[in-house]
Amino acid sequence: MPYWLMKSEPDEVSIDDLAGMPEKTIAWFGVRNYQARNYMRDSMKLGDEVFFYHSSCPEPGIAGIAKVVSDAYPDESQFDKKSKYFEPAATRENPRWFNVDVQFVKKTRLVSLQELRDDPKLESLIILKRGNRLSITPVTPAEWKLILKKMG
DNA sequence: GCCAACGTTGGC
DNA sequence: GCCAACGTTGGC
């Protein structure tokens, strides 16, 4: 699965924030959903490409492209008592949560959620399915190509 | 701010 | 192992 979509709240980390990071790279910490974790830990590979999606904001949609630049490793925030992501059950020997590092590739025009919904060819896109809340989802090569094209 | 949909927790 | 209660996500 070489293509992914990752959601981020722009109030937390926007595509512009990512572009402004050292090395234009961030650790994708704070994922606390097992399925999303498993995608990072078990399926993501170095160089996989990612649609960077802005969620919970005035204009939800895909705002840019990033890529996976590390294998998964234990999420540091699970060990931090002061973090909202602290996980009491996790130990260094037996961590529960993992993350990869993600690097900025480019900002694109915003391909809005509505625009994605309006294209019948994108019916299969997981984030468009009813009730979907998963913050990390695979994207098929066909979906990837189609959305790239929309970006122009 | 509302609320539908979903995931997790914990008592039994 | 069931399932009610609760918490979270995320569009609107």
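The side-chain contact (heavy atoms from CB on, under 4.5 Å) test with A/D48 singles out one residue from A/S43, A/P2, A/P138, and that residue is A/P2.
A distance below 6.0 Å separates the ring centres of A/W97 and A/Y34. Residues A/Y39 and A/W4 place their aromatic rings such that the two centres sit under 6.0 Å apart.
Of the possible polar contacts, none joining the A/R37 side chain to the A/R32 backbone as a donor-acceptor pair under 3.5 Å is found.
First and last contacting nucleotides of DNA chain B toward chain A (any atom under 4.0 angstrom from a heavy atom, 5' to 3' order): B/dA5 to B/dT8.
Comment: A/E76 engages A/R92 in a salt bridge, judged by a side-chain N to carboxylate O separation of less than 4.0 angstrom.
Residue contacts for A/R32: at a heavy-atom cut-off of 4.0 Å it reaches no nucleic acid atom on any strand shown.
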